[in-house]
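To start, the structure itself, in structure tokens.
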Amino acid sequence: MNKTIIVSNRLPLQISIEQDKLNVSPSVGGLATGMKSVHAEGNGVWVGWSGITDEELDASLKKEVNAKIEKEKCKAVGLTEEDLNDYYLGFSNRTLWPLFHYFLEYSEFENTQWEAYKRVNQKFAEVVLETIEEGDTVWVHDYQLLLLPQLIKDVRPDVTIGFFLHIPFPSYEIFRTFPWREEILTGMLGADLIGFHTYDYERHFLSSVKRILRLDVNFNEITYHDRIVKVDSFPMGIDYNKFHEAALTHNNPDTNISELQKRLDAHLNEGDDKKFILSIDRLDYTKGIPNRLKAFEHFLNTYPQYKEKVRLIMLAVPSRSNVPQYQRLKRETDELVGRINGEFSTVSWTPIWYFYRSLPFENLIDLYTSSDVALITPVRDGMNLVAKEYVATRTNLDGVLILSEMAGAAKEMNEAILINPNSFEDFATALDKALTMPLEEQNNRMKILQKRLKRYDVEKWAKEFLSTLEDTNQLQEIVVSKKLNTIEENNIIEKFKKAKNKLVLLDYDGTLVGFKDNPQDAKPDAELFALLDAFQNQENTKLCLISGRDKATFEKWYNHKDYDLITDHGVWIREDKKWTPLEILKTEWMSNIKPILETFVDRTPGTFIEEKEYSLAWHYRTADPELAQIRTMELNTVLTSMVTNNELSVLQGNKVIEIKSSNVNKGRATSQLLMKDDYDFVLIMGDDWTDEYMFEVAPDYATTIKIGYVKTKAKYQIKDPNKVRELLKELV
Ligand code: ADP
Ligand code: G6P
């Protein structure tokens with residue numbers, strides 16, 4: 001049976017050695033807690049790090065660890081101490097984590113750590129590759145493994161790979177500061193589907209792909225080599241029933257009461273106005289803990305009536321404590337809690353109860369169910385599941401969630417009180433509002449929040465991701481359905497060799513040569529000349545290059561050769577080295593259109609006008625892709641409103657808009673050539689939208705080939721100019 005292989009840095013269980021004995025504990029953090037329920041249900045395997053380094057394990061301990069891990073349907077990737085330092089504490093948590101959370105000043109760019117990151121991603125790839133069986137799907141998670149999708153795809157192109165990022169993807173302006181930005185993006189593009197928590201992260205990612213890799217993006221689909229990579233947002237949910245049921249059991253009078261709950265009850269029973277405000281996070285600088293504490297202080301000063309009544313319970317779970325920023329944060333938090341408690345405490349009241357530890361699930365439920373307000377205020381957070389868990393446990397529909405706008409969860413939790421975590425005013429007003437909110441309003445808000453969380457729970461989230469991932473297979477089939485295979489290629493070669501009278505029509509840019517930033521740099525090279533010469537010297541073969549290029553350029557490049565040429569999209573033809581016009585064209589319109597194009601050049605850096613004899617082309621290959629997209633739409637609107645008499649047409653080429661007379665295109669030129677002789681073999685190759693005119697008029701027996709994997713009227717598709725050259729070499 002096909003299985004799903006989940007891959008993440010951390011396994012859902014963590015192994016450590018305590019007093020020479022193995023200790024197994026559940027992992028904290030949104031990824032592990034969320035995916036755990038998905039994993040528990042399926043027949044999959046989870047590949048990840050056990051929490052223990054190779055150096056800590058001797059052979060027998062290793063066996064024991066593996067047995068424990070395998071029992072949980074997991075498979076371990078061994079990490080050395082060096083790996084742990086440079087890949088996990090280093091590159092993952094001192095470079096990527098701060099950068100992706102907009103803590104640019106914390107980000108370190110160290111080459112040794114980057115090397116370790118590559119090495120460890122390769123280690124993960126090896127374990128995944130040996131686990132994959134025919135038909136399996138691989139689902140890679142999070143920022144520690146950004147290179148893994150491509151490492152797997154390189155070896156197993158047949159395997160469907162999904163990738164989900166659990167943290168924000170930063171804006172292009174941040175991401176572009178990163179020294180290894182291309183490698184990271186191409187690593188991720190090894191996946192067939194890339195998922196984010198929110199549309200904003202998706203948008204940022206696509207923007208970086210367009211600007212840094214300069215790839216074509218069509219809505220949310222990226223054309224990458226011979227594949228389509230889909231990008232989408234899937235806001236992660238929680239195991240709603242688990243939390244809701246746990247809260248129901250907790251509230252049942254027959255259930256045993258924990259020690260913690262007894263302490264909580266003691267405070268609450270002091271009076272109706274005694275309330276708890278709850279805050280739970282890993283101790284991470286992205287969670288905005290010092291800000292929250294200072295804001296709480298500000299609140300107590302602004303609304304002194306709450307003194308001796310409300311209490312902030314702050315649970316900070318130890319995390320990445322070997323990273324200096326986290327150590328500093330720990331000191332700062334300790335100091336702030338001490339100072340505020342010192343300032344406000346009375347003999348019978350301390351404003352903050354602070355726990356720095358991981359608590360068992362039952363105690364989390366005690367805290368969630370006993371707190372009137374949850375104060376979840378990260379300065380930046382991919383999603384934040386704690387906010388969702390709090391809502392799920394409010395079985396009586398009371399309680400108020402105050403949530404930071406900077407958490408991904410805020411996008412789908414509008415009924416929470418949303419605040420800017422940098423504003424103390426917002427904090428104080430929101431806390432006062434929450435503490436005095438009428439029960440009816442609390443109920444109304446909770447009801448809506450719970451409805452959504454229950455419906456779109458973690459299981460639904462995973463199912464949706466996996467079914468979209470499965471659908472990407474069909475996507476490849478639609479767009480790359482005409483990929484030329486070896487059998488077809490051999491057939492073409494055989495037919496070509498047998499034919500008595502052959503016509504070979506080849507587009508130039510994007511077909512015989514790749515694109516250059518400046519069109520004048522895309523000159524024919526020695527290899528190409530040799531290849532074209534070989535065709536020219538073939539018996540019974542008419543070779544013709546057909547291009548949108550102007551006559552002057554081709555004249556310059558091919559002056560010393562006697563190939564036939566068609567230029568300006570079919571205006572001029574050169575046969576036996578003699579130029580004749582195929583069409584008689586007017587040019588008066590050019591003086592009206594050129595000033596318009598000039599205004600677009602002025603407003604769009606990186607663009608320029610190419611003046612040809614019979615057309616004007618506005619090139620935008622090196623412009624900012626997003627600005628260019630807007631400008632092309634504007635220009636199209638302007639031009640189509642001006643060009644009303646059907647004399648001119650506006651062609652959208654590959655990163656170029658060309659305006660030329662309507663009665664000329666490569667299709668008309670092709671038809672004229674075809675009429676001149678009786679061919680029994682016709683080969684037409686082109687990459688561009690304007691080449692579709694040739695494919696349209698080609699006779700049924702012609703071999704038409706599109707370069708690139710996009711929708712086409714041609715019979716076959718091949719990848720790029722290199723492939724074109726390989727095929728042409730085979731023919732001669
Ligand atoms: P992050 O992924 O950044 O850690 P989230 O809020 O998305 O933040 O996820 C935190 C997860 O860790 C939640 O599922 C929460 O229940 C769990 N968790 C938080 N605190 C504790 C704790 N003290 N003990 C056990 N699990 C915890
Ligand atoms: C966040 C990350 C996870 C990570 C978790 C705990 O949720 O997105 O990938 O596992 O924090 O961090 P840790 O460094 O302890 O794995």
Side-chain angles (χ1 to χ4, degrees), residues 6-14 16 25-37 46 48-51 79 84 87-94 96-98 100-101 140-146 163-169 196-197 201 235-240 242-243 246 260 278-289 313-323 325-326 354-368 374 376-393 401 403-404 406-410 413 458 461:
I6 298 173
V7 199
S8 68
N9 173 60
R10 217 177 256 292
L11 286 175
L13 69 160
Q14 287 305 289
S16 54
S25 58
S27 300
V28 287
L31 192 177
T33 53
M35 286 302 295
K36 198 148 64 178
S37 44
W46 190 326
W49 176 55
S50 63
L79 296 189
L84 192 67
Y87 145 81
Y88 169 72
L89 295 169
F91 202 78
S92 298
N93 289 317
R94 292 168 80 156
L96 291 171
W97 178 270
F100 279 40
H101 285 89
V140 181
H141 292 264
D142 231 357
Y143 63 103
Q144 302 92 342
L145 300 173
L146 295 171
F163 178 84
F164 193 86
L165 187 72
H166 290 259
I167 65 173
F169 194 93
F196 298 94
H197 282 307
Y201 309 155
M236 189 178 188
I238 55 164
D239 187 344
Y240 183 87
K242 176 176 147 191
F243 284 90
L260 174 67
L278 178 66
S279 115
I280 299 187
D281 336 68
R282 275 182 309 103
L283 190 76
D284 195 299
Y285 49 81
T286 60
K287 303 288 183 182
I289 294 168
I313 305 183
M314 206 176 78
L315 174 60
V317 185
S319 181
R320 305 171 197 165
S321 43
N322 291 335
V323 176
Q325 306 292 1
Y326 290 75
Y354 169 45
F355 303 86
Y356 176 64
R357 71 190 78 138
S358 190
L359 289 184
F361 180 73
E362 293 68 26
N363 286 153
L364 274 188
I365 300 296
D366 292 338
L367 292 174
Y368 283 144
I376 315 287
T377 57
V379 282
R380 195 67 71 169
D381 202 338
M383 171 51 71
N384 198 295
L385 297 182
V386 169
K388 294 186 171 182
E389 291 168 4
Y390 173 71
V391 169
T393 60
L401 170 66
L403 180 62
S404 158
M406 311 301 167
M413 302 185 88
V458 71
W461 166 81

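Counting convention: from 1, in listed order, for ligands and their atoms alike.
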Looking only at protein heavy atoms, identify the closest one to [atom] and say how far it is in Å.
atom: atom 15 (O) of ligand 2; result: R10 NH2, 2.9 Å
atom: atom 2 (C) of ligand 2; result: D142 OD2, 3.3 Å
atom: atom 7 (O) of ligand 2; result: G30 N, 3.5 Å
atom: atom 14 (O) of ligand 2; result: Y88 OH, 2.5 Å

For side-chain contact (heavy atoms from CB on, under 4.5 Å), just list the numbers for I289 and M314, CA-CA rounded to whole Å, side-chain angles, deciding distance to a tenth of an Å, and then say yes or no. CA-CA 9 Å; I289 294 168; M314 206 176 78; 3.7 Å; yes
Side chains of F361 and F243, heavy atoms from C-beta outward: is any pair under 4.5 Å? yes
Donor-acceptor contact below 3.5 Å, side chain [X] vs main chain [Y]:
X: S92; Y: Y87; answer: yes
X: S404; Y: P378; answer: yes
X: K388; Y: M413; answer: no

So if I count the atoms of ligand 2 from 1 in the order they appear, which ones are less than 4.0 Å from some heavy atom of L31?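 In order of number, 9 (O).
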Just jot down the ligand 2 atoms closer than 4.0 angstrom to any heavy atom of I167, in number order.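 So the answer, numbered in order with elements, is 8 (O).
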Would you mind listing each N/O atom of ligand 1 next to any protein N/O under 3.5 Å, plus the distance?
residue, atom, partner, partner atom, Å
ligand 1, 2 (O), G30, N, 2.6
ligand 1, 3 (O), R282, NH2, 2.9
ligand 1, 3 (O), K287, NZ, 2.7
ligand 1, 4 (O), R282, NE, 2.6
ligand 1, 6 (O), L385, N, 3.1
ligand 1, 6 (O), V386, N, 3.2
ligand 1, 7 (O), L385, N, 2.9
ligand 1, 8 (O), K287, NZ, 3.1
ligand 1, 9 (O), G30, N, 3.1
ligand 1, 12 (O), G29, N, 3.2
ligand 1, 14 (O), T33, OG1, 2.8
ligand 1, 14 (O), E389, OE2, 2.5
ligand 1, 16 (O), E389, OE1, 2.5
ligand 1, 16 (O), E389, OE2, 3.1
ligand 1, 23 (N), L359, N, 3.1
ligand 1, 24 (N), S358, OG, 3.2
ligand 1, 24 (N), L359, N, 3.3
ligand 1, 24 (N), L359, O, 2.9

What residues, two or more places apart in sequence or in another chain, satisfy side chain to side chain donor-acceptor pair (under 3.5 Å) together with [X]?
X: W97; value: D284, Y326
X: E389; value: Y368
X: R94; value: E108

Can you see whether Q14 engages S27 through a side-chain donor-acceptor pair at a distance of less than 3.5 angstrom?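 Side chains of Q14 and S27: pair found under 3.5 Å.
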Have a look at Q14, R282, H141, R320 and point out the one with the heavy atom closest to atom 4 (C) of ligand 2. R320
Ring pair (Phe, Tyr, Trp, His ring centres under 6.0 Å) with F169: of F100, F164, Y143, only one passes, and it is F100
Out of curiosity, is Q144 lining ligand 2, as in a heavy atom under 4.0 Å away?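 Contact check Q144 vs ligand 2: positive.
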Under 3.5 Å between some N or O of ligand 2 and some N or O of W97?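 W97 vs ligand 2: no N/O contact under 3.5 Å.
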